[in-house]
Amino acid sequence: MTDGAAPEPDVDAAATGGNHARPIDDVFEQLKTTSSGLSQDEAKARLEAWGANRLPEPPRRSILLRFLLQFHNILIYVLLAAAVVTAFLDHLIDTAVILAVVIVNAVIGLVQEGKAEKAMDAIRQMLAPRASVLRDGARCSVEGEALVPGDVVLLEAGDKVPADLRLLQAHGMSVQEAILTGESVPVEKQTGALTADLPLGDRSNMAYSGTLVTSGQGRGVVTATGSATEIGRISGLLSTVDTLTTPLVNQMNVFGKCLTALILVVGALLFGFGYLVAGFSFDEIFMVVVGLSVAAIPEGLPAVLTITLAIGVQAMARRNAIVRRLPAIETLGSVSVICTDKTGTLTRNEMAVASALSSAHLFRIGGSGYEPKGTISLDNTEVSSADHSILEELARSSALCNDAALREHEGSWVVEGDPMEGALLAFCGKAGLDVRGELSRWTRTDAIPFDASHRYMATLNHDHDDHAYIFVKGAPEQVLTMCRDQRGPAGATEALNTAYWQSRAEEIASLGQRVLALALRTVEPGQTVLEHSDVEGTLTLLGMVGMIDPPRPEAIEAVAECHQAGIRVKMITGDHAGTAMAIGREIALQNPASVLTGRDIDAMDDAALQAVVQDCDIFARTSPEHKLRLVMALQAHNLTVAMTGDGVNDAPALKRADTGIAMGQKGSEAAKEASELVLADDNFASIVAAIRQGRTVYDNLKKVITWTLPTNAGESLTIIVALLFGMTLPVTPIQILWINLITAVTLGIALAFEPTEENTMRRPPRGRTESLLSGTLVWQIVLASLLFVCGVFGVYNYAIEQDYSLELARTMVVNMIVIMEIFYLFFVRNIYGTSLTWQAVRGTGMVWLTVGIVTAAQFAITYLPFLQRVFATEPVAFRDGLLLCATGAVLLAILETEKQIRLRWLAGRRAALPTPE
Ligand code: ATP
């Protein structure tokens with residue numbers, strides 16, 4: 001290796017515990033790095049030398065194996081057995097058709113599986129974790145895969161450790177290492193060197209890739225990446241691939257299997273009856289039984305359902321909602337309450353300090369974005385920060401008790417870290433403080449990280465002149481209880497005027513601003529460790545700042561859409577009640593006037609909470625434990641609850657909710673892992689888009705089923721009726737196979753692509769326990785099946801009466817079934833509205849494409865001599881063709897009339913019900 005090139009990672013040392021046993025400086029030396037990390041160039045060079053920080057992908061099944069697996073299905077076994085018997089019986093054309101159909105089915109299965117896998121891959125890609133690192137001495141966020149040995153990584157509660165790290169800082173940091181050690185209790189971390197022969201679970205100065213930071217903060221230097229990490233060594237473990245399925249689809253698959261078994265039994269009975277009792281020849285009765293089996297089993301259904309799901313997953317991903325667990329697609333459609341965070345979800349999370357409050361003045365702060373420039377005014381007159389030393393003090397505390405960084409990027413200022421802390425840094429600039437210069441004058445020796453349960457953050461800082469201070473920032477109520485006195489107008493300390501601060505904080509909050517109090521305290525220069533007890537009742541309050549964070553306009557629209565869709569929106573925030581109410585009013589929550597605070601909730605038992613939870617829409621100053629209680633209280637009312645969350649402590653509530661939704665940008669890995677859905681843009685509007693899509697997917701699954709089953713039922717009834725009345729079969733098994741696999745799958749796919757129906761978000765949500773096969777749906781399936789049978793026998797009898805040949809009669813029946821399927825498709829497309837609008841008739845590109853393909857295919861088997869021989873068909877006269885189309889139209893008219901009567905009757909019944917108060 002040439003000098004200056006990246007050193008090879010000391011893989012063996014990492015494995016045997018070398019790194020945990022060394023002093024940190026030795027580790028730096030060995031990895032040729034420092035506590036301020038690598039330069040961008042060096043990191044790039046190392047990435048090229050060692051490759052990405054990624055575990056090897058599990059080997060994929062070969063395409064041949066995947067193709068063969070398509071035949072591993074009870075239905076296919078039945079068909080293959082039929083092919084063998086027909087071959088023995090010398091029905092070679094039938095054998096060939098059955099085999100062709102089996103192969104086409106396998107190809108379709110393979111293609112849809114590929115599509116589904118691609119959808120899931122794309123989603124995994126979108127969920128790729130990021131890591132905060134120091135590059136060129138500054139904090140920046142990079143893809144987890146871009147980490148290299150020598151990088152210094154910053155960790156905080158909720159993060160998944162992105163590589164194996166030797167810790168150089170750990171503040172109250174605990175890590176859950178169950179994935180490696182099986183031990184679910186989090187391990188406390190520290191930074192001192194340890195003895196060499198410790199097992200993995202005892203190496204408290206290391207943080208291993210894949211483990212979860214449950215509390216505190218820390219930083220560590222990367223010692224191993226990718227397959228060289230501990231997790232890489234015990235590989236084979238990579239996340240199991242999620243199969244594209246949901247409870248509904250599973251139910252349908254089970255239903256399909258039971259149906260197949262039932263058909264086989266009925267087939268065997270029929271065979272026995274026909275052969276032994278009714279005196280059919282083996283040959284004849286066997287073909288009838290094959291016909292029945294093929295007719296009754298919905299061969300194409302599983303494929304079409306899976307495609308419907310894959311399309312839904314992709315559509316949601318396009319709208320920034322990433323589905324982590326597929327059943328969520330179904331649950332989303334039935335959500336009746338959304339409990340959402342405020343900051344960043346309903347609001348933009350683009351904060352700006354708008355007010356600064358001292359013991360004497362309320363300053364207004366101007367400026368735009370995160371640019372650290374802007375005016376400060378007092379009573380509408382611009383003032384200079386030089387004349388108000390309190391501004392400088394507020395700015396200094398804001399800069400030091402802060403983990404974010406501001407960076408200029410292509411002409412605008414961006415934040416690395418928490419936007420609220422970014423806003424504080426911008427405020428420092430406006431108050432005339434040079435943040436970089438200030439930071440270089442101080443060393444932070446310890447910190448208490450912000451936590452939603454104690455609601456403040458504190459740092460212990462030492463300057464170079466032997467002074468040490470504790471700086472604190474946090475929620476006003478919290479910080480006030482920690483203060484002994486306050487900074488007076490002349491700079492001296494004076495008695496704390498709690499009433500003044502409380503009323504001014506309320507005032508700022510009622511403008512919708514997030515209020516933060518800033519305080520400090522001097523300590524002995526020798527103190528290097530910070531405990532909670534150091535800040536209790538000993539601080540001097542400097543002042544407060546108010547930050548604006550306007551609501552997202554799209555969130556306001558989305559809230560209105562939810563109300564139309566019968567979905568209640570509730571805001572659960574850690575923020576002040578006044579701020580929450582102001583925002584609640586702006587986004588037009590149903591009941592923005594009443595608020596329950598975390599303290600109120602604590603004072604209630606579960607029954608009391610259940611009694612009030614439905615009417616209250618704003619929950620303020622809550623901590624994550626309250627979220628869990630709120631979810632349970634809402635679920636007790638039989639509501640389907642969607643809950644958002646971002647922090648590590650939100651995980652239990654996210655898991656408990658019917659749909660847990662994590663924030664993709666500001667959310668921790670812990671929250672994402674506990675959730676069913678991740679929002680790539682943290683935006684409330686995306687939740688509503690996902691719900692709309694969830695309702696659409698559920699409708700489409702329902703449509704596919706409603707459309708498919710009558711076709712199968714109609715066909716099998718046809719065979720059973722023919723057999724019972726001793727008639728010749730009006731359609732042959734091969735023709736039925738053709739209908740089921742070629743036309744039905746093609747047309748069915750059109751339903752998978754159906755767009756959202758116009759009134760989808762004007763309906764109330766589906767009931768929690770409502771089953772798919774509702775009475776109405778079963779009735780619709782029965783009615784359609786009977787009409788199909790009538791159509792078949794009507795046309796067949798007509799053909800026989802006209803003295804047409806049996807082949808021609810059967811050809812007309814095949815075409816009749818397909819035409820009825822097409823008309824029925826147009827009916828099913830609008831199960832909640834009318835099918836007789838121009839919009840409905842115009843259909844979608846996909847509908848007409850599939851109808852075009854099927855029509856062409858029908859023309860081919862009816863008129864092409866080669867296919868006529870295979871399917872035993874004869875050309876249909878033009879006049880008869882018209883008759884078939886007219887019959888299809890009559891089918892649609894009957895079904896539509898029945899639907900309209902039913903819908904009106906239902907609407908009348910609903911109107912007659914007493915309206916709830
Ligand atoms: P939302 O639900 O609106 O997203 P949240 O749950 O994120 O709010 P928290 O982050 O729990 O709210 O913050 C609660 C309060 O704690 C804030 O109103 C603020 O006063 C204070 N706070 C938030 N972040 C910090 C921080 N980094 N340092 C100090 N105090 C903070």
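All of these numbers come straight from a predicted model, not from anything done at the bench. Just so you know, ligand 1 is whichever comes first in the structure, and atom 1 is the first atom listed for that ligand. Just the heavy atoms: all of them, side chains too, but no hydrogens, waters or symmetry mates, feed the values below. Note that the numbering runs from 1 along the sequence shown for the chain.
A salt bridge between Lys160 and Glu673 is present, with a side-chain N of the basic residue lying under 4.0 Å from a carboxylate O of the acidic one. Ion pair Asp403/Arg444 flagged as a salt bridge, since at least one NZ, NE, NH1 or NH2 atom sits closer than 4.0 Å to an Asp/Glu carboxylate oxygen. A salt bridge is absent between Glu371 and Lys430: the closest approach of a Lys/Arg side-chain nitrogen to an acidic carboxylate oxygen does not fall below 4.0 angstrom. No salt bridge links Asp605 with Arg629; every basic N to acidic carboxylate O contact stays at or beyond 4.0 Å. Salt bridge present: Arg396 and Glu392 bring a charged side-chain N and a carboxylate O closer than 4.0 Å.
Protein heavy atom at the shortest distance from atom 18 (O) of ligand 1 is Asp575 OD1, 2.9 Å. Looking at atom 11 (O) of ligand 1, its nearest protein heavy atom turns out to be Ala452 CB, 3.7 Å. Closest to atom 24 (N) of ligand 1 among all protein heavy atoms lies Met420 CE, 3.5 Å. In this structure, atom 29 (C) of ligand 1 lies nearest to the protein heavy atom Lys473 O, 3.3 Å. With respect to atom 9 (P) of ligand 1, the closest heavy atom belonging to the protein is Phe450 CZ, 4.0 Å. Annotation: atom 7 (O) of ligand 1 to nearest protein heavy atom, Arg514 NH2, 4.1 Å.
Using the six-membered ring where Trp is involved, Phe363 and His361 have ring planes that are perpendicular, over 60° apart on the 30 and 60° scheme. In this structure, Phe450 and His454 have perpendicular ring planes: the angle between them is above 60°, well past the 30° mark.
Within the 4.0 Å heavy-atom shell around ligand 1 one finds Ile572. Within the structure, the closest approach of Lys666 to ligand 1 falls below 4.0 Å when heavy atoms are considered. At least one heavy atom of Val515 lies less than 4.0 angstrom from ligand 1.
Residue Leu400 forms a side-chain contact (heavy atoms from CB on, under 4.5 Å) with just one option from Asp463, Leu520, Asn461, Leu460, and that option is Asn461. In summary, of the residues considered (Asp575, Thr579, Thr573, Asp549), a side chain to side chain donor-acceptor pair (under 3.5 Å) with Lys342 occurs for Asp575 alone.
Counting heavy atoms under 4.0 Å from ligand 1, residue Met571 does not touch it at all. With a 4.0 Å heavy-atom cut-off, ligand 1 is reached by no atom of Thr579. Of the heavy atoms in Gln478, none comes closer than 4.0 Å to ligand 1.
At least one N or O atom of Gly574 sits closer than 3.5 Å to an N or O atom of ligand 1. Checked against a 3.5 angstrom limit, the closest N/O atoms of Tyr456 and ligand 1 fall outside it. Where the criterion is an N or O separation shorter than 3.5 Å, residue side chain and backbone included, Asp646 fails it with respect to ligand 1. For ligand 1, none of its N or O atoms has an N or O atom of His576 under 3.5 Å away.
Of the candidates Leu424, Thr347, Thr573, the one placing a heavy atom closest to atom 2 (O) of ligand 1 is Thr573. With distances taken over non-hydrogen atoms, the option nearest atom 19 (C) of ligand 1 out of Leu516, Thr644, Ile448 is Leu516.
Heavy-atom contacts from other residues, nucleotides or ligands closer than 6.0 Å to CD of Glu188 number 12 or fewer.
Those atoms of ligand 1 with a heavy atom of Glu421 less than 4.0 angstrom away are 27 (N). For ligand 1, the atoms sitting less than 4.0 Å from at least one non-hydrogen atom of Lys342 are 1 (P), 2 (O), 3 (O), 4 (O), numbered in the order shown with element in parentheses. Counting the atoms of ligand 1 from 1 in the order shown, those under 4.0 Å from a heavy atom of Arg621 are 15 (C), 17 (C), 18 (O). For ligand 1 and Thr343, the ligand atoms under 4.0 Å from any heavy atom of the residue are 1 (P), 3 (O), 4 (O), 8 (O). Atoms of ligand 1 lying under 4.0 Å from at least one heavy atom of Asp418, given by number and element, are 27 (N). Within the listing of ligand 1, atoms 29 (C), 30 (N) sit less than 4.0 angstrom from a heavy atom of Gly474.
With contacts defined as side-chain heavy-atom distances shorter than 4.5 Å, the pair Thr498/Gln502 qualifies.
A donor-acceptor pair is defined here as one N or O able to donate and one able to accept, closer than 3.5 Å; no such pair exists between the side chain of Ser397 and the backbone of Leu518.
The closest side-chain donor-acceptor pair between Asp658 and Gln635 falls under 3.5 angstrom.
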Q: Evaluate the criterion salt bridge (charged side-chain N to carboxylate O under 4.0 Å, His left out) for residue pair Lys627 and Asp341; output intermediate values, then yes/no.
A: CA-CA 10 Å; Lys627 284 190 171 180; Asp341 288 350; 2.9 Å; yes
